[in-house]
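One structure is given below, encoded as structure tokens.
Because the structure is a prediction, the values reported are computed rather than measured. Chain letters run A, B, ... following the sequence lines, proteins first and then strands; every chain starts at 1.
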Number of protein chains: 2
Amino acid sequence: MTPGESLLAEPAVCVPGAPLVLPDADVASLSARLKALGDPTRLRIVQILAANGSVCACDLEEPLGLSQPTVSHHLRQLAAAGIVERDKRGSWAFHRVSAAALATVAAELGQLAHGRH
Amino acid sequence: MTPGESLLAEPAVCVPGAPLVLPDADVASLSARLKALGDPTRLRIVQILAANGSVCACDLEEPLGLSQPTVSHHLRQLAAAGIVERDKRGSWAFHRVSAAALATVAAELGQLAHGRH
DNA sequence: TGTCGATATTGACATTCGTCGATATTGCCG
DNA sequence: CGGCAATATCGACGAATGTCAATATCGACA
């Protein structure tokens with residue numbers, strides 16, 4: 001049962017009408033971006049892009065040790081989440097991390113930490 | 001092939017010995033924490049905890065619309081990632097978000113965005 | 001135009017993940 | 001002690017995910 005006026009001096013939680021929740025859309029949006037970053041391979045890609053500026057997809061296969069379709073797949077996921085931006089020049093496609101997108105994720109996490117929204 | 005001295009004034013990337021990579025352990029650690037946050041249900045839990053301070057597990061089933069084992073499972077994941085801390089008082093278990101852990105994730109993301117490490 | 005290189009897409013497969021019901025464990029209280 | 005409430009664990013199942021080989025698409029260039 002809901003602990004409310006128990007011996008512990010804790011505030012009752014989840015009172016019927018407490019609307020202290022973010023809209024589902026916001027939670028879904030942020031969690032989708034976090035999910036895109038929550039894979040070791042993709043986070044490694046982001047780190048390489050952040051360190052090198054603009055990198056073409058073909059130069060990621062070797063350091064990652066992954067096949068070309070797999071690299072393409074991860075870049076697609078990161079682009080869909082807005083974390084990286086692609087820039088197709090001629091035959092090859094350059095990718096760079098969106099510093100703004102990363103900063104936004106960090107900022108929203110920070111706000112979450114303080115219970116604000 | 002690696003575009004280096006091509007017509008575009010882009011720096012060559014992935015030069016043989018370029019060690020601009022974080023240790024695997026760091027990438028694994030951060031991606032694990034991001035993965036824990038990268039689920040809508042778990043991010044919703046974090047948001048509820050952040051907004052309410054300390055919440056007992058039994059009060060999460062209803063707002064989430066999930067079974068007790070599922071809630072317990074997600075709380076376990078978040079605790080394993082260091083995102084939430086449990087505090088078992090008597091019969092029930094209270095949970096609160098670790099502001100420090102969230103701040104660390106946000107900070108590491110920010111450093112990543114600037115290519116530093 | 002035809003070939004070649006880079007990238008994207010498709011299909012398949014093994015693994016992981018989220019979820020639940022059932023059950024075990026633990027601590028209160030009568 | 002015995003029952004009850006909260007939580008954790010187990011087993012199972014469908015869905016999503018990461019990966020690759022094969023193939024398609026697209027652009028450059030001879």
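- Looking only at atom types and distance, the side chain of B/Arg76 has no donor-acceptor partner in the side chain of B/Ser72 under 3.5 Å away.
- The side chain of A/Ser91 contributes no N or O atom lying less than 4.0 Å from OP1 or OP2 of C/dC4.
- D/dC20 atom C1' lies 17 Å from atom CZ of A/Arg76, rounded to whole Å.
- DNA chain D is contacted by both A/Lys88 and B/His95; B/His95 maps to the nucleotide lying nearer its 5′ end (nearest heavy atom per residue).
- The nucleotide whose nearest atom lies closest to any side-chain atom of B/Leu66 is, among D/dT19, C/dT7, C/dT19, C/dT19.
- Look at CG on A/Asp39: it is 17 Å from P on C/dT15, rounded to the nearest Å.
- Across the interface with DNA chain C, nearest-nucleotide mapping of A/Pro69 and B/Thr41 shows A/Pro69 to be the residue nearer the 5′ end.
- In this structure a side-chain-to-backbone donor-acceptor pair under 3.5 Å is missing from A/Arg42 to A/Gly38.
- Taking 4.0 angstrom as the limit, B/Gln77 places a side-chain polar atom (N or O) nearer than this to OP1 or OP2 of C/dG18.
- Here the P atom of nucleotide C/dA8 and the CH2 atom of A/Trp92 are 14 Å apart, to the nearest Å.
- Summarising the geometry, atom CG belonging to A/Leu34 is positioned 12.5 Å from atom CZ belonging to B/Arg33; distances are rounded to the nearest 0.5 Å.
- Nucleotide C/dT9 holds its P atom 15 Å from the NE2 atom of A/His74, rounded to whole Å.
- The side chain of B/Gln68 lies closest to D/dA8 when the candidates are D/dA8, C/dT7, C/dG18.
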>> Apply side chain to side chain contact (heavy atoms under 4.5 Å, CB included) to residues B/Asp59 and B/Asn52 and explain how you reach the verdict.
In response: CA-CA 11 Å; B/Asp59 287 321; B/Asn52 293 76; over 6 Å; no
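- One interatomic measurement links the two molecules: NZ of B/Lys35 to P of D/dG18, which rounds to 8 Å at whole-angstrom precision.
- The CZ-C1' distance, from B/Arg42 to C/dT19, rounds to 12 Å in whole Å.
- C/dA12 atom P lies 17 Å from atom NE2 of A/His73, rounded to whole Å.
- Phosphate contact (OP1/OP2 of D/dC20, side-chain N/O of A/Ser67, threshold under 4.0 Å): present.
- Listed pair B/Arg89 / C/dG27 fails the phosphate criterion, with no side-chain N or O lying under 4.0 Å from OP1 or OP2.
- B/Ser29 places no side-chain N or O within 3.5 Å of a backbone atom of B/Ala25 that could act as its donor or acceptor partner.
- One can place CG of A/Leu75 at 12 Å from P of C/dT9, the figure rounded to the nearest angstrom.
- Counting only heavy atoms from C-beta on, A/Ser72 has its side chain closest to C/dA8 among C/dA8, D/dT19, D/dT7.
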